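Data block below; observations after.
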Amino acid sequence: MPELPEVETIKLGLQKKTIGLTISNIEVLSPKSFIGKAKDLKNKKIQQVWRRAKILGIDVEGRMTLLFHLKMTGQLIYNPSTRLRASSRFIGGHPTPDMRDKMPNSHTRVIFTFSDGSHLYFNDQRKFGWIKIVKFGEGIPGTLGPEPLTKEFSWQILKTNLLRHKSMPVKVAIMDQSVVSGVGNIYANEACFDAKIDPKTKVKDLDDLQFKKLHSGIIKSLTDGIAHGGSSRAHFVDAEGRKGYFLDYAFVYGRDRKPCKKCGTTIEKIILGGRGSYFCPTCQQ
DNA sequence: CACTTGACCTGTCCGC
DNA sequence: TGCGGACAGGTCAAGT
């Protein structure tokens, strides 16, 4: 679920809702999901919420930062209500699907409670995700490539970084976070489609025009993803528990055996780098 | 060294 | 209806 557009969507929501709130309690239901001493954050005020690659950061008083990585199935949901608390309240009720994501559920791993009584839930079905307490300014890997939605990300930088993986399929290479940060499987597929490049093309076989198209394809697919509130295969919800709808707009991801939205050719699915990869054999050559 | 596979976990969906 | 297997947004470590 969470690639750059999804984490960005959550960031925007949390900036709006949580800056200035004071943490009054942290309940860690799954110890493996939380690294650090939760007590250190008690009575600390949230100062800033930011994103780098797919990592979300929350700066708190005392020069500490909470880092979140949602991996495959993580969710971060802010609930302003002081009443939605014990999951037992909902047993036997008829919650909507969105509510089911929102409330504490069997996948809730960490619950933050704020001094105004509101809550932030970290839900994560597969427990791959994590929360870490680090010192301000620490904890982000130094190997991360450029942020694709800033001016530091030029097509020349993309070309230089990709050429470290000359014989790799281009779609696999753009998922390497040291090449460009934040692109995951969904947007890698969409970016290749937008660039009209077959995802299995080796990096060394691309020409400059294709590097330029790939560069703009990455930016376009990520930007569209944010505009549609992120993707939603099954798990993604924003900071208020709402689903994103980018996949309704996807050209190739998840559309194998369906007709290409541009030319009608049947979309194919292959495995590249161990991941499902989708492309239109007519549009992408 | 470059690249692929397996592991981490849990759930869902599909075919038989 | 049940059951086994494949697969799922990410990233490491281990293996080839």
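Just so it is clear: chains get the letters A, B, ... in the order the sequence lines come, proteins before strands, and each one is counted from 1. Computation of the quantities below employed the complete heavy-atom set of this structure, encompassing side-chain atoms and omitting hydrogens, waters and symmetry-equivalent molecules. Predicted model, so just to flag it, every value in this text is computed and none were measured.
Within the structure, every pair that satisfies the side chain to side chain donor-acceptor pair (under 3.5 Å) test and touches residues 211-227 of chain A, not counting sequence neighbours, is listed here: A/Lys220-A/Asp224.
Between C/dC7 and B/dG6, the distance separating the two C1' atoms is 15 Å to the nearest Å. Straight-line distance between the P atoms of B/dG11 and C/dC12: roughly 25 Å, to the nearest whole Å.
Under the ring-ring contact (aromatic ring centres under 6.0 Å, His included) criterion, A/Phe136 pairs with no residue, sequence neighbours left out. Every side chain to side chain contact (heavy atoms under 4.5 Å, CB included) that A/Phe128 has, sequence neighbours left out, goes to A/Lys71, A/Met72, A/Arg126. The ring-ring contact (aromatic ring centres under 6.0 Å, His included) test applied to A/Trp130 returns A/His69, not counting sequence neighbours. The side chain to side chain contact (heavy atoms under 4.5 Å, CB included) search around A/Glu138 returns A/Lys135, not counting sequence neighbours. Legend: residues meeting side chain to side chain contact (heavy atoms under 4.5 Å, CB included) with A/Lys202, ordered by chain and number and at least two apart, are A/Ser167, A/Lys204, A/Asp205. Looking at residues two or more places apart in sequence or on another chain, you find a ring-ring contact (aromatic ring centres under 6.0 Å, His included) between A/His228 and A/Tyr249.
B/dT4 atom C1' lies 13 Å from atom CD1 of A/Ile271, rounded to whole Å. Between A/Tyr253 atom OH and C/dC7 atom C1' there is a gap of 10 Å when expressed in whole angstrom units. Rounded to whole Å, atom P of C/dG10 lies 16 Å from atom CZ of A/Arg52. The nearest whole Å value for the distance from the CD1 atom in A/Ile186 to the P atom in C/dA8 is 11 Å. For A/Asn189 and C/dC7, the CG to C1' distance is 15 Å, given to the nearest whole Å. Residue A/Asp256 contributes atom CG, which lies 17 Å from atom P of C/dA6 at whole-angstrom precision. When the P atom of B/dT4 is taken as reference, atom NZ of A/Lys171 falls 12 Å away, rounded to whole Å. The interatomic distance linking A/Met168 (CE) with B/dT4 (C1') rounds to 9 Å, in whole Å.
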Once Watson-Crick and G-U wobble pairs under 3.5 Å are found, how is DNA chain B written in dot-bracket notation, 5' to 3', with | for any base paired to another strand?
.|||||||.|||||||
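Hydrophobic side-chain contacts under 4.5 Å tie A/Leu209 to no other Ile, Leu, Val, Met, Phe, Trp or Tyr residue. The other members of the hydrophobic cluster of A/Phe279, by chain and number, are A/Met168, A/Val172, A/Ile270, A/Leu272 (side-chain heavy atoms under 4.5 Å, ILVMFWY only).
For the pair A/Lys262 and A/Phe251, the cation sits on the ring face: its NZ or CZ lies under 6.0 Å from the ring centre, inside 45° of the axis.
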Can you give one letter per nucleotide of nucleotides 7-12 of chain B, going 5' to 3': B for a protein heavy atom under 4.0 Å from the base, S for sugar-phosphate only, - for none?
-BBBS-
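In this structure, A/Lys166 does not reach the B/dC1 phosphate: none of its side-chain N or O atoms is under 4.0 Å from OP1 or OP2.
One distance of note links CH2 of A/Trp50 with CD1 of A/Ile58; it measures 10.0 Å at 0.5 Å rounding.
Among the atoms of the strands shown, none is found under 4.0 Å from any heavy atom of A/Lys202.
Using a cutoff of 4.0 Å between basic side-chain nitrogens and carboxylate oxygens, A/Glu8 and A/Arg51 are scored as salt-bridged.
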Identify the pairs formed between an N or O of the protein and an N or O of nucleotides 11-14 of chain C at a distance under 3.5 Å, and give each distance.
| from | atom 1 | to | atom 2 | distance (Å) |
| --- | --- | --- | --- | --- |
| C/dT11 | OP1 | A/His69 | NE2 | 2.8 |
| C/dT11 | OP2 | A/Lys54 | NZ | 2.7 |

